[in-house]
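All remarks here apply to the structure that follows.
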Amino acid sequence: MGKRLKKLGLRAQDTSELFFDNVRVPAENLLGGPAMENRGFICLMEQLPWERLQIAITAVAAAQSAIDQTVAYVKERKVFGQAVGAFQNTRYTLAELQTEVQVARVFVDKCCELVCDDKLDTATASMAKYWCSDLQCKVMDECVQLFGGYGYMWEYPITRAYADARVQRIYGGTNEIMKEVISRGMGLGGR
Ligand SMILES: Cc1cc2nc3c(=O)[nH]c(=O)nc-3n(C[C@H](O)[C@H](O)[C@H](O)COP(=O)(O)OP(=O)(O)OC[C@H]3O[C@@H](n4cnc5c(N)ncnc54)[C@H](O)[C@@H]3O)c2cc1C
């Protein structure tokens, strides 16, 4: 096992490289039986839509949590004699974010139905992964802004949520790769 990597976020989760060198796996330990021999990569590929949907689900849940935390905070925090939540900018920002998260949630719910019926295709799962994780990062950024200076302090959960969000656009295939997959599904091939 490689050394534990120091990450920007997701610090409760240890991440390191695993090296398999001279490893012999007994035949009886083959997952899925003899028919699956040499099909490991195919098995992995078949599960990619579900992996991407899990990232989208996490994105929507984290974004909703951030909005909820921010609504509570702006009601309580007073500046210039009034709650931050009373400013039109705050109310409109949160209204827009809540609308977008609601839209994302409907799409993700639809994808959950599809995955349960084994009908979630790669392009649709890629749309969910890229769009919801982009939205998550946008929500975190706006929410941190509404927390002001406290939003930059590790003791506030919104700060950790901001740091944790960033990798969602990178792992599970970057969002640029998701757009590659989607465009190929539209018959638009690159090199
Ligand atoms: C915290 C964490 C956990 C991870 N967990 C796992 C795991 O459990 N299992 C696992 O297998 N991997 C895991 N990864 C790896 C992760 O999936 C990769 O980091 C990710 O897919 C991006 O690959 P890369 O790092 O090689 O970036 P690169 O491929 O080097 O990408 C660099 C940049 O180039 C862009 N780019 C690359 N190719 C193209 C292209 N064709 N067109 C346009 N732009 C392109 C990318 O979008 C990106 O912006 C993890 C990564 C992190 C950070």
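Below, all heavy atoms of this structure are taken into account, side chains as well, without hydrogens, waters or symmetry copies. Order of appearance sets the numbers: ligands from 1, and atoms from 1 within every ligand.
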May I ask you to say whether Glu180 pairs ionically with Arg184, meaning some side-chain N is under 4.0 Å from a carboxylate O?
yes
Residues Lys3 and Ser16: side-chain donor-acceptor under 3.5 angstrom
no
Taking only distance into account, with no hydrogens and no angle test, what donor-acceptor pairs under 3.5 Å do side-chain atoms of residues 54-67 form with protein atoms, sequence neighbours excluded?
residue	atom	partner	partner atom	Å
Thr58	OG1	Gln54	O	2.7
Gln64	OE1	Gln98	NE2	2.9
Gln64	NE2	Asp68	OD1	2.9
Gln64	NE2	Gln98	OE1	3.0
Ser65	OG	Gln69	NE2	3.1

Tabulating one pair per line, provide the atom names and distances (0.1 Å) for every N/O atom of ligand 1 that is less than 3.5 Å from a protein N/O atom.
residue	atom	partner	partner atom	Å
ligand 1	47 (O)	Thr174	OG1	2.7
ligand 1	47 (O)	Glu176	OE1	2.7

With Tyr152, which residues qualify under ring pair (Phe, Tyr, Trp, His ring centres under 6.0 Å), at least two apart?
none
Matching residue for Met178 among Met127, Arg169, Arg52 - test: side-chain contact (heavy atoms from CB on, under 4.5 Å):
Arg52
Not counting sequence neighbours, which residues clear side chain to side chain donor-acceptor pair (under 3.5 Å) with Thr124? List them please.
Asp121
